[in-house]
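Excluded from the calculations below are hydrogen atoms, water molecules and symmetry mates; all remaining heavy atoms, backbone and side chain alike, are included.
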Amino acid sequence: MRVLVTGGAGFIGSEIVRTLVSAGHEAVVLDALLPSAHGDASALRAGVGTDGRTIIADVRDREAVDGALRGVDVVCHQAAMVGLGKDFADAPAYVGCNDLGTAVLLAAMAAAGVRSLVLAGSMVVYGEGRYACPRHGAVRPGPRAEADLAGGRFEPRCPDCGAELEPGLVTEDAPADPRNVYAATKLAQEHLAASWARASGGRAVSLRYHNVYGPGMPRDTPYAGVASFFRSALARGESPRVFEDGGQRRDFIHVRDVAAANAVALEAVAARGPGTFAAYNTGSGRPHTIGEMAAALASAHGGPAPEVTGEYRLGDVRHVTADSRRLREELGWKPEVGFAEGMAQFAVAPLRETAAGLSV
């Protein structure tokens, strides 16, 4: 199987490429090598051959995408700006990279007759996760008020009675509720993929990643995940700075397990009916708090200990962890790397230098 992996030189994309090649597939990489993810990327550029298997171009470049799609059986779309970003001034860049880039790719796939797509989705489309009120049952709290956050009241409350809520696992049929620009672009990518599938007779699967971590994460950049923030701080000899009270629940999943999920999805997507779209939560199924993750990394790295700051970011959600049973049951995937093992490895693993990292 010949697979085009957009963003295939990045943190997750490069692991997917290794997994596919080891399984006997042919991978074609399309990557813009943006400085925010790759630094100056001179070594990567110097290593690009003339066999057409690595193409340095932006996914918004229709001519380059048309060339990359020649002979391709299925597309694994990983190229995107990730993370919450710095502020709303980043919105045009997120929409351009994530949504316009996806639209250009899908238009080129429709023209080329490539009918199978696996998309890098995200759990951020859910907003706050699933909650239960002792009195009112399942509820969906609204965005947390800044006054509450500033006062250290971080837990969402029942919108009907104000009672403290019990967080649970969210399933794929939960309503979408994106609460920041990045989340909105990830949901838009899914809508575009579903529209493309209906219009072209294609088949699309979105893997809604949880908090992916592992070797090769970019360091010292505002566009990475919290695991990268903490690991970068430890590499500088600094304490990881834990926002709020550290009690935020997340599902941390190793990049090798995410790559394996993509491999099984790429095999399965062609068997789906034409015009179909499906989303699968992709997590370990074992939630941990941000504070637990910071402590595990600091301990395995040899310190210093995390610092709980009480700071917060508007647009962050308190708890979001999902039920990944559908992916296990329908595609036969299961995560292999446990939390303790994965964090111990990540604590000493090398990070990817970025433009921000190179300037420190």
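- At least one donor-acceptor pair under 3.5 Å links the side chain of Thr289 to the backbone N or O of Glu292.
- Between the side chain of Ser299 and the backbone N or O of Ala295, no donor-acceptor pair lies under 3.5 Å.
- Of all non-hydrogen atoms in Ala120 and Gln189, the two that sit nearest each other are O-OE1, 4.0 Å.
- Around CD of Glu63, the count of heavy atoms belonging to other residues, nucleotides or ligands within 6.0 Å does not exceed 12.
- Listed by first and then second residue, the salt bridge (charged side-chain N to carboxylate O under 4.0 Å, His left out) pairs involving residues 242-251 are Arg144-Glu244, Glu244-Arg318, Asp245-Arg318 (not counting sequence neighbours).
- When all heavy atoms of Arg352 and Ala9 are compared, the closest pair comes out as NH1-O, 2.9 Å.
- One finds the CG atom of Asn98 at 12.0 Å from the CG atom of Leu187 (value rounded to the nearest 0.5 Å).
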Step by step, would you call Val28 with Arg2 a side-chain contact (heavy atoms from CB on, under 4.5 Å)? CA-CA 7 Å; Val28 178; Arg2 185 176 172 96; 3.4 Å; yes

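- Between the side chains of Asp316 and Gln248, no donor N or O sits under 3.5 Å from an acceptor N or O.
- The line from CZ of Arg208 to CG of Leu119 is 10.0 Å long, rounded to the nearest 0.5 Å.
- The local environment of CZ in Arg153 is crowded, with over 12 non-hydrogen atoms from other residues, nucleotides or ligands closer than 6.0 Å.
- If you take OG1 on Thr6 and CG on Leu69, they are separated by 10.0 Å, rounding to the nearest 0.5 Å.
- Using modelled atom types, no side-chain atom of Arg256 and backbone atom of Thr19 make a donor-acceptor pair closer than 3.5 Å.
- With 3.5 Å as the limit, one finds no donor-acceptor pair spanning the side chains of Tyr312 and Asp148.
- Formation of a donor-acceptor pair under 3.5 Å by the Arg231 side chain with backbone atoms of Ala349 is found in this model.
- Here the CG atom belonging to Leu105 is positioned 12.0 Å from the CG atom belonging to Asp61, to the nearest 0.5 angstrom.
- Checked by atom type, the side-chain pair Ser284/His210 shows no donor-acceptor distance below 3.5 Å.
- Note that CD1 of Ile253 and CE of Met123 are 11.0 Å apart. Values are rounded to the nearest 0.5 Å.
- Between Val118 and the choices Val5, Val269, Val264, the side chain to side chain contact (heavy atoms under 4.5 Å, CB included) rule is met once, by Val269.
- For the residue pair Gln78/Tyr209, the side-chain donor-acceptor check at 3.5 Å is satisfied.
- Counting all heavy atoms, side chain and backbone alike, Val21 lies closest to Ala27 at CG2-CB, 4.3 Å.
- Side-chain N or O atoms of Asp257 include one that pairs as donor or acceptor with a backbone N or O of Val337 at under 3.5 Å.
- Taking CE from Met293 and CG from Asn211, the interatomic distance works out to 7.0 Å, rounded to the nearest 0.5 Å.
- Side-chain N or O atoms of Arg203 include none that pairs as donor or acceptor with a backbone N or O of Ala278 at under 3.5 Å.
- Put simply, the side chain of Leu234 reaches to within 4.5 Å of the side chain of Pro304, judged on heavy atoms.
- Among pairs with a residue in residues 322-353, those fulfilling ring-ring contact (aromatic ring centres under 6.0 Å, His included) read Tyr213-Phe346, His288-Phe339, at least two apart in sequence or across chains.
- Considering Val75, Leu4, Val74, Asp73 as possible partners of Val114, the one that fulfils the side chain to side chain contact (heavy atoms under 4.5 Å, CB included) test is Val75.
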Trace of the side-chain contact (heavy atoms from CB on, under 4.5 Å) decision for His77 with Val59: CA-CA 10 Å; His77 184 31; Val59 74; 4.3 Å; yes

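- Met1 and Leu207 fall within a single hydrophobic cluster, where Ile, Leu, Val, Met, Phe, Trp and Tyr are joined by side-chain heavy atoms under 4.5 Å apart, directly or via other members.
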For Tyr126 and Asn281, what are the C-alpha separation, side-chain angles and deciding distance, and is it a side-chain contact (heavy atoms from CB on, under 4.5 Å)? CA-CA 11 Å; Tyr126 297 120; Asn281 293 330; 2.6 Å; yes

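- Side-chain N/O atoms of His254 and Glu336 include no donor and acceptor closer than 3.5 Å.
- Checked by atom type and distance alone, the side chain of Ser228 never pairs as donor or acceptor with a backbone atom of Met217 at under 3.5 Å.
- A donor-acceptor pair is defined here as one N or O able to donate and one able to accept, closer than 3.5 Å; such a pair exists between the side chain of Ser239 and the backbone of Ala305.
- Between Gly246 and Val308, the closest heavy-atom pair is N-CG1, 4.4 Å.
- In terms of modelled atom types and a separation under 3.5 Å, the side chain of Tyr280 and the main chain of Arg325 share no donor-acceptor contact.
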